[in-house]
Amino acid sequence: MRLVLVGPPGAGKGTQAQFIASHFAVPKISTGDIFRSNVSDGTDLGLEARKYMDAGDLVPDEVTIGMVKDRLSHDDTSEGFLLDGFPRTVQQAVVLDDMLAAHDVGLDVVLELVVDDEEVVRRLSGRRTCRRCGHVWHLDFDPPATEGVCDRCGGELFQRDDDSELTIRHRLEVYADQTSPLIGYYGDRGLLSGVDATGPVEDVTERAINALRRFGD
Ligand code: AMP
């Protein structure tokens, strides 16, 4: 199965991507994760990407597309993949179509996680990440026992620069301007399937897997 996951920041793409990829036994390719690991390794790509990520802007297409082309050239993607966070612009979508067409394949489905802006702000502004083990807590939904301290390892919790309320509002604008045109792009091609991404994580996963069942299993 060749699958793309789209949705605004905070829709739960990363979490759902993990469950869906393991259910259908395909590799999960998350451009945000690849950028973040480059940032923490201090690579040139990471230094370049960080400026945009911290501001809540998209990393330029030239950088992102090269990185995805490289990742999709690995053998583990030949039977399928789940893309989380790519494409995020129509230009990226066109390049992806061309890349796949060059191998005589195409996307099977684009799953949209649907959630409104206020829910996104509530979810993201409460997120706190452990500096030591990377675990993500939430002030409302999954708070640590002691404020600012990770229950798992005792590490210090911090808020991602791109999770401040101002930056979240900006990321939502970027999504509306640059990414939401993908909904029409894939809708016109008959590839789009939408699921309600509110409520408990397990319920969203179940809805997503049900919506995808006819493409895989
Ligand atoms: P995410 O974890 O998917 O929310 O991505 C975090 C940040 O990485 C985004 O806010 C962008 O700055 C950058 N990023 C991730 N994927 C892309 C993409 N496909 N195109 C441009 N920038 C991206």
Side-chain angles (χ1 to χ4, degrees), residues 2-21 27-72 77 81-100 107 110-115 117 119-129 134-136 138 158-183 185-186 197 201:
R2 294 179 180 83
L3 158 71
V4 163
L5 211 53
V6 291
K13 289 192 301 296
T15 308
Q16 296 303 333
Q18 220 166 312
F19 293 127
I20 296 168
K28 169 181 95 97
I29 301 173
S30 157
T31 42
D33 285 352
I34 303 176
F35 283 133
R36 276 186 290 278
S37 89
N38 274 277
V39 169
S40 60
D41 292 347
T43 67
D44 289 347
L45 176 72
L47 288 175
E48 172 70 9
R50 180 165 196 171
K51 298 184 278 194
Y52 300 96
M53 295 168 77
D54 285 352
D57 287 320
L58 294 187
V59 178
D61 281 349
E62 311 83 80
V63 179
T64 310
I65 287 170
M67 188 177 85
V68 172
K69 271 192 173 155
D70 176 63
R71 180 63 187 89
L72 285 179
T77 65
F81 52 75
L82 183 161
L83 282 169
D84 157 29
F86 183 93
R88 255 180 161 99
T89 63
V90 170
Q91 194 201 338
Q92 292 179 6
V94 170
V95 172
L96 176 64
D97 282 348
D98 292 346
M99 263 189 266
L100 297 176
L107 292 175
V110 174
L111 187 73
E112 179 192 5
L113 296 182
V114 181
V115 51
D117 286 4
E119 174 70 11
V120 164
V121 173
R122 205 161 71 91
R123 286 183 183 186
L124 293 187
S125 59
R127 221 155 57 162
R128 296 293 181 275
T129 308
H135 185 78
V136 181
H138 194 284
F158 75 104
Q159 185 176 36
R160 266 171 56 171
D161 286 337
D162 56 352
D163 281 346
S164 71
E165 179 163 349
L166 211 66
T167 312
I168 295 165
R169 299 256 177 221
H170 179 64
R171 288 166 71 196
L172 284 167
E173 278 168 25
V174 169
Y175 181 80
D177 291 347
Q178 301 189 52
T179 306
S180 68
L182 290 178
I183 304 302
Y185 179 88
Y186 288 125
V201 171

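Atoms within each ligand, like the ligands themselves, are counted from 1 in listed order.
The 4.0 Å heavy-atom shell around ligand 1 contains residues T31, G32, F35, R36, M53, D57, L58, V59, T64, G85, F86, R88, Q92, R171, ordered by chain and number.
Side chains of S164 and T167: a donor on one and an acceptor on the other come within 3.5 Å.
Evaluation of the ring pair (Phe, Tyr, Trp, His ring centres under 6.0 Å) rule for H138 yields F141 as partners, not counting sequence neighbours. Residues passing the salt bridge (Lys or Arg N to Asp or Glu O under 4.0 Å) test with E48 are K51, sequence neighbours excluded.
Within a 6.0 Å radius of CG in D44, no more than 12 heavy atoms belonging to other residues, nucleotides or ligands are found.
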Kindly list each side-chain donor-acceptor pair under 3.5 angstrom involving residues 84-100, sequence neighbours excluded, with atom names and distances?
| residue | atom | partner | partner atom | Å |
| --- | --- | --- | --- | --- |
| D84 | OD2 | S30 | OG | 3.4 |
| R88 | NH1 | G85 | O | 3.0 |
| T89 | OG1 | D61 | OD1 | 3.4 |
| T89 | OG1 | D61 | OD2 | 3.3 |
| T89 | OG1 | Q92 | N | 3.0 |
| Q92 | OE1 | R88 | N | 2.7 |
| Q92 | NE2 | D61 | OD1 | 2.8 |
| D97 | OD2 | Y185 | OH | 2.5 |

Go through the steps to decide whether R171 and D117 satisfy the test salt bridge (Lys or Arg N to Asp or Glu O under 4.0 Å), and finish with yes or no.
CA-CA 10 Å; R171 288 166 71 196; D117 286 4; over 6 Å; no
